[in-house]
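Note: hydrogens, waters and symmetry copies are ignored here, and every other heavy atom, side chains too, is used. This structure is a prediction, so every number in the text was calculated from the model and none was measured.
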Amino acid sequence: MATPGMQVHLGGLARKLIQDGFLDDEQAQQAQESALKDKIPFVTQVVNQKLVNSLELAHAASEEFGVPLFDIETINIEPDTIKLIKEDLIRKHRTLPLFKRGNRLYVAVSDPTNLEALDEIKFHVGGPTEAVLVVDDKLGKAIDKAMEATDTGLSALSDEDLDDVEFIEEEEDGGPGVTESEADDTPVVRFVNKVLLDAINKGASDIHFEPYEKSYRVRFRQDGILKEVAAPPINMAPKLSARLKVMSRLDISERRVPQDGRIKLNLSKNRAIDFRVNTCPTLFGEKIVLRILDPNSAKLGVDALGFEQEQKEIFLEALHKPYGMLLVTGPTGSGKTVTLYTGVNILNTADTNISTAEDPVEINLPGINQVNVNPKVGLDFTSALRAFLRQDPDIILVGEIRDKETGEIAIKAAQTGHMVLSTLHTNDAPQTLTRMVNMGIPPYNIASAVNLIIAQRLARRLCTHCKEERDIPKEALLEEGFTEEDVNKGIKIFGPKGCDQCSDGYKGRVGIYQVMPLSEEMGRMIMEGSNAIELADQAQKEGIPDLRQSGLKKVKDGLTSLEEVNRVTKE
């Protein structure tokens, strides 16, 4: 290690960077000293300190040492190849095995001058190796991803804390009892526990366990996008299926029909996570999907949803009206439940009687009377609603208006002094009105009962650490829907880059909303039989931004990217 004031020897790459004008002598000397002190490669130190752009650095190294530059993101590295080098060596020397050609192993490096690393890897592999140059920050991400994939394998699970995870298996009426001995395969138990905990830590919304003919994979849905996280051996499929079914109190002997269950995981005294479990028989076994239900998501507050200030005020005003109907619409997975429960949580006080009917109950909140709809025993939305009206309610939440009968009872409740909240599956707010008319609900009832309709989507939020500005021609911006005023002001458009703080340049999600109060003019148009296009034109006249316009506002604010808004708002 270098002592203070002592000159350290500058390697060939440092001299090349000085020669090309990227660094001066003092910067190079300090970076070299810091790298030695922190025990990290010189290249990584230079990139971490943002002295040189990682891509420029890679080009300089490639030119100086004649090592080919390779884009590591274009290759899928086989798990067996990664295992050729131990993790401690990969981490120590910041290198990653890519592929083999014959008996020669090609390894990714960001510093081709690190001969000690290459010699140690060559000795460890016991055969010829060849260095391939890659961009340093991309290499770091690839190493983390590779280690994560192999770490989720059965052989890597030895963490003591996995034994202490407390899963509470809830009894279901009429459900079969299952003994623990049927799920006592310790490696499988550890694997499942680790997958569930990893999903919670990464903020996933769903976990997919999927058997195929010759492979098995586990995927997480993070920020709305599915990503593979593990590939356990195919012969583990029956044991994984049995373990998950034991945990969710399902019949492990029944593999021919879908089953629904629930798992409760106590993370601490104050925090528990629920998993909604569904099994589905497929060609090569049972696919099992777990929906992660975090009660804290409904307690984040209205500001966390992503409403613009004006939209938030309209939402809160409608929420606090003594009666009427508030509808939230959008496709599956667009955050409707969280929006409704955020509203319900605001209204959840000691002097209010709140009842909900859902299929199934996703978020458990104290102080709210929640009913799980069960059509098999005759408890559907309609019968639950009828029961609620005899229970002295103030606020009623109906999971979804699916048919005319449910819609008519909900509207009658809204007209007789109750606040009713519900959802529909339509593309935007104006279409919701015509959908209700098409169900057979009288237009005058819709006009008198509905106070507010919110259409929504969820877009991935740009990572604040690495988002980068994009240069987009004015003509293209106008074509995307930005106004002349926006373009002339010189708006800044940002896009994803990717760093160790995020996933592909995104971290978390933000809501995009169309918040449409039902005006007197719209009520008149509904009763006159206007279609969704005419209602949408009226909404524009009243200054209500549609989903596309709200999405572009999020792009202008730097919260999300143009490509992400195109993904969630394209018709």
Please step through side-chain hydrogen bond (donor to acceptor under 3.5 Å, both in side chains) for the pair Gln391 and Asn353, ending with a clear verdict.
CA-CA 9 Å; Gln391 294 253 322; Asn353 179 19; 5.9 Å; no
Any idea which heavy atoms bring Leu458 and Gly511 closest together, and the distance?
CD2-CA, 3.9 Å
Is there side-chain contact between Glu210 and Lys287, with at least one heavy-atom pair below 4.5 Å?
yes
With a 4.5 Å cut-off on side-chain heavy atoms, are Pro430 and Met516 touching?
yes
Residue pair Val398 / Met325, side-chain heavy-atom distance below 4.5 Å:
no
Counting only N and O atoms by type, is there a donor-acceptor contact under 3.5 Å from the side chain of Gln370 to the main-chain atoms of Leu365?
yes
Stepwise, does the side chain to side chain contact (heavy atoms under 4.5 Å, CB included) test hold for Leu326 with Val420?
CA-CA 6 Å; Leu326 191 157; Val420 179; over 6 Å; no
Within the structure provided, determine whether Val188 and Met236 are in side-chain contact (heavy-atom separation under 4.5 Å).
yes
Tell me the closest heavy-atom pair linking Leu452 and Ala318, and the distance in Å.
CD2-CB, 3.6 Å
Is there a side chain to side chain contact (heavy atoms under 4.5 Å, CB included) between Val289 and Phe209? Walk through the geometry before answering.
CA-CA 6 Å; Val289 177; Phe209 292 85; over 6 Å; no
Heavy-atom pair of closest approach, residues Val277 and Ile288:
CG1-CG2, 3.8 Å
Assess the residue pair Arg219 and Glu228 against the criterion (salt bridge (charged side-chain N to carboxylate O under 4.0 Å, His left out)); give the C-alpha distance rounded to whole Å, side-chain angles, the decisive distance to 0.1 Å, and a yes or no.
CA-CA 4 Å; Arg219 293 192 290 174; Glu228 185 171 339; over 6 Å; no
Answer yes when Arg256 and Glu286 have at least one side-chain N-carboxylate O distance shorter than 4.0 Å, and no when they do not.
no
Please give me the minimum heavy-atom distance between Gln431 and Ala532, naming the atom from each residue.
CG-CB, 3.9 Å
Heavy-atom check, side chain of Leu385 versus side chain of Ile396, under 4.5 Å:
yes
Please check if atom NZ in Lys412 has more than 12 non-hydrogen atoms from other residues, nucleotides or ligands closer than 6.0 Å.
no
Roughly how far, to the nearest 0.5 Å, is the CD1 atom of Ile446 from the CE atom of Met439?
9.5 Å
When rounded to the nearest 0.5 angstrom, what is the spacing between CG in Leu305 and CD1 in Ile454?
9.0 Å
Within the 6.0 Å centroid threshold, strictly below: Phe284 and Tyr212
no
Using only heavy-atom distances, determine whether the side chains of Tyr506 and Thr560 contain a donor-acceptor pair under 3.5 Å.
no
Determine whether a donor-acceptor pair (N or O, by modelled atom type, separation under 3.5 Å) exists between the side chain of Lys202 and the backbone of Phe220.
no
Side chains of Leu327 and Ser422, heavy atoms from C-beta outward: is any pair under 4.5 Å?
yes
Do Asp260 and Arg276 sit within salt-bridge range, that is, some charged N less than 4.0 Å from a carboxylate O?
no
Walk me through whether Phe388 and Thr356 qualify under side chain to side chain contact (heavy atoms under 4.5 Å, CB included).
CA-CA 9 Å; Phe388 290 166; Thr356 78; 5.7 Å; no
Under 3.5 Å: donor-acceptor pair, side chain of Asn374, backbone of Asp380:
no
Donor-acceptor check, side chain of Glu564 to backbone of Ala459, threshold 3.5 angstrom: yes or no?
no
Worked check of side chain to side chain contact (heavy atoms under 4.5 Å, CB included) between Val192 and Met247
CA-CA 10 Å; Val192 171; Met247 292 169 74; 3.8 Å; yes
Full working for salt bridge (charged side-chain N to carboxylate O under 4.0 Å, His left out) between Arg262 and Asp274:
CA-CA 7 Å; Arg262 221 175 161 93; Asp274 284 346; 3.5 Å; yes
Name the residue from Arg460, Lys227, Lys497 that meets the salt bridge (Lys or Arg N to Asp or Glu O under 4.0 Å) definition with Asp504.
Lys227
Does Pro331 offer a backbone N or O that forms a donor-acceptor pair with the side chain of Lys336 under 3.5 Å?
yes
Can a donor-acceptor pair be found, under 3.5 Å and without considering hydrogens, that links the side chain of Gln259 to the backbone of Asp251?
yes
Any chance you could lay out the salt bridge (charged side-chain N to carboxylate O under 4.0 Å, His left out) test for Glu405 and Arg386, step after step, and finish with the verdict?
CA-CA 11 Å; Glu405 193 176 8; Arg386 285 201 178 100; 2.9 Å; yes
Please give me the minimum heavy-atom distance between Asn372 and Leu379, naming the atom from each residue.
O-CD2, 3.4 Å
Would you say that Val371 contacts Glu358 through its side chain, given a criterion of any heavy-atom pair below 4.5 Å between the two side chains?
no
What is the distance from atom CG of Asp303 to atom OG1 of Thr342, rounded to the nearest 0.5 Å?
10.5 Å
OG1/Thr416 to OH/Tyr323 distance, rounded to the nearest 0.5 angstrom?
11.0 Å
Flag, side chain of Thr352 to backbone of Asn348, donor-acceptor distance under 3.5 Å:
no
Do the side-chain N and O atoms of Asn427 and Arg435 include a donor-acceptor pair separated by under 3.5 angstrom?
no
To the nearest 0.5 Å, what is the distance between CG on Leu290 and CG on Asp206?
9.0 Å
Quick one: does Pro232's side chain get under 4.5 Å of Leu240's, heavy atoms only?
yes
Criterion salt bridge (charged side-chain N to carboxylate O under 4.0 Å, His left out) on Arg457 and Asp428, from CA distance to verdict
CA-CA 10 Å; Arg457 301 288 188 276; Asp428 61 16; over 6 Å; no
Measuring from atom CG of Leu196 to atom CD1 of Ile273, what distance do you get when rounded to the nearest 0.5 angstrom?
10.5 Å
Test your reading of the model: is there a side-chain donor-acceptor pair from Thr423 to the backbone of Gly399, 3.5 Å cut-off?
yes
Do you know the tightest heavy-atom contact between Thr339 and Val328?
CG2-CG2, 4.3 Å
Are the side chain of Ser550 and the backbone N or O of Ile512 linked by a donor-acceptor pair below 3.5 Å?
no
Whether the side chain of Ser241 engages the backbone of Ala237 through a donor-acceptor N/O pair (distance < 3.5 Å, no angle test) should be reported.
no
